[in-house]
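Notes follow once the structure below has been shown.
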Amino acid sequence: MGYDERTKLEALRDHFDIFSKAANYLVLGHGMGLVGCLSVVREHPDLSPPMHRIALLVLIFGAGLIAGSTFWAVAMMIKISVTHAIMSQTKPSAAWGAWLGRKALEWFGLACLWISWITFVAAVGLIMFQFRDAATDLLGRWGTAPR
């Protein structure tokens, strides 16, 4: 069963829609985390001892924001290129160098996506780790509560 051109275009649109949503959510999450950290610094300038934790979070959220923004830019560059090729009915070049360039851009974008996702998970994990004592106290109280 072969696919017609309309089905291929719909699949391509869905493909880029998924990547666009992933990039948007990661950029939004990192941006909100960065703004939250900077708000804590601005509102509580006397937090000298735990400030290194906030600084680490700022670096993690900032790196993830840059990676997520780069992924979004690369995904949009590829989408524009593919859309232009489809509209002009230009077939991709079969030359080895052109293929390698397209693949390198694609892999670079995917690496940025993974970096953004990993840094987001690391930052949220680091924030959660700060509250581990409260969680163990709460769980301990639940285990000894009268029934």
Side-chain angles (χ1 to χ4, degrees), residues 1-139 142:
M1 176 174 143
Y3 294 103
D4 62 349
E5 294 302 316
R6 174 176 234 125
T7 305
K8 288 179 183 177
L9 288 175
E10 288 174 5
L12 180 68
R13 186 186 67 231
D14 292 345
H15 177 80
F16 282 110
D17 188 45
I18 290 168
F19 280 144
S20 178
K21 285 179 182 178
N24 289 339
Y25 288 132
L26 284 168
V27 167
L28 181 65
H30 282 292
M32 290 176 64
L34 187 61
V35 167
C37 289
L38 295 176
S39 295
V40 168
V41 170
R42 193 182 101 226
E43 296 295 324
H44 305 286
D46 56 332
L47 286 176
S48 297
M51 192 56 70
H52 65 281
R53 293 179 187 143
I54 299 292
L56 179 60
L57 286 172
V58 166
L59 291 173
I60 293 171
F61 279 127
L65 183 62
I66 290 169
S69 299
T70 302
F71 168 71
W72 182 87
V74 168
M76 291 307 106
M77 286 171 41
I78 293 171
K79 181 180 181 180
I80 289 168
S81 173
V82 169
T83 304
H84 176 65
I86 290 170
M87 289 174 56
S88 66
Q89 296 182 350
T90 306
K91 293 191 182 221
S93 172
W96 191 80
W99 176 85
L100 185 61
R102 288 190 305 268
K103 280 299 174 186
L105 187 62
E106 181 183 338
W107 283 101
F108 175 70
L110 289 174
C112 289
L113 173 66
W114 278 102
I115 290 168
S116 184
W117 181 76
I118 288 168
T119 56
F120 188 76
V121 170
V124 170
L126 184 62
I127 292 168
M128 291 172 61
F129 185 73
Q130 301 305 313
F131 295 97
R132 68 189 179 282
D133 294 336
T136 55
D137 291 345
L138 183 62
L139 290 174
W142 280 350

Contact summary for [X] and [Y], nearest pair of heavy atoms:
X: Ile60; Y: Ala123; answer: CG2-CB, 3.6 Å
X: Gly64; Y: Thr119; answer: CA-OG1, 3.1 Å
X: Leu34; Y: Gly62; answer: CD1-N, 4.3 Å

Requested in this report: Report yes or no: does Ser116 contribute a side-chain atom to a donor-acceptor pair with the main-chain N or O of Cys112 at less than 3.5 Å?
Outcome: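 The answer is no, because no donor-acceptor pair under 3.5 Å joins these two groups.
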Query raised in the report: Counting distance only, does the side-chain N/O of Ser81 pair as donor-acceptor with the main-chain N or O of Met77 below 3.5 Å?
Result: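 Checked: no pair found.
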Can you tell me how far apart [atom1] ([X]) and [atom2] ([Y]) are? Round to the nearest 0.5 Å.
X: Asn24; Y: Asp17; atom1: CG; atom2: CG; result: 9.5 Å
X: His15; Y: Ile78; atom1: NE2; atom2: CD1; result: 7.5 Å
X: Thr83; Y: Arg13; atom1: OG1; atom2: CZ; result: 11.0 Å
X: Ile115; Y: Ile66; atom1: CD1; atom2: CD1; result: 11.0 Å
X: Leu105; Y: Lys103; atom1: CG; atom2: NZ; result: 11.0 Å

Query raised in the report: Does the side chain of Val74 come within less than 4.5 Å of Leu113's, by heavy atoms?
Result: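 Not touching, per the 4.5 Å side-chain cut-off.
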Requested in this report: Determine which pairs satisfy ring-ring contact (aromatic ring centres under 6.0 Å, His included) with at least one residue from residues 65-93, sequence neighbours left out, and list them in order.
Outcome: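 Of all non-adjacent pairs touching residues 65-93, those that pass ring-ring contact (aromatic ring centres under 6.0 Å, His included) are Phe19-Phe71.
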Query raised in the report: Can you list every pair that meets ring-ring contact (aromatic ring centres under 6.0 Å, His included) and has a residue in residues 91-115, with sequence neighbours left out?
Result: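 Passing the test, one end in residues 91-115: Trp114-Trp117.
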**Report entry** Flag if over 12 foreign heavy atoms under 6.0 Å of CZ, Arg42
**Finding:**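 For Arg42, atom CZ is not crowded (no more than 12 foreign heavy atoms under 6.0 Å).
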Report task. Just jot down the side-chain contact (heavy atoms from CB on, under 4.5 Å) partners of Ile127, sequence neighbours excluded, or say none. Result ->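 Here the qualifying residues are Leu57, Phe61, Phe131.
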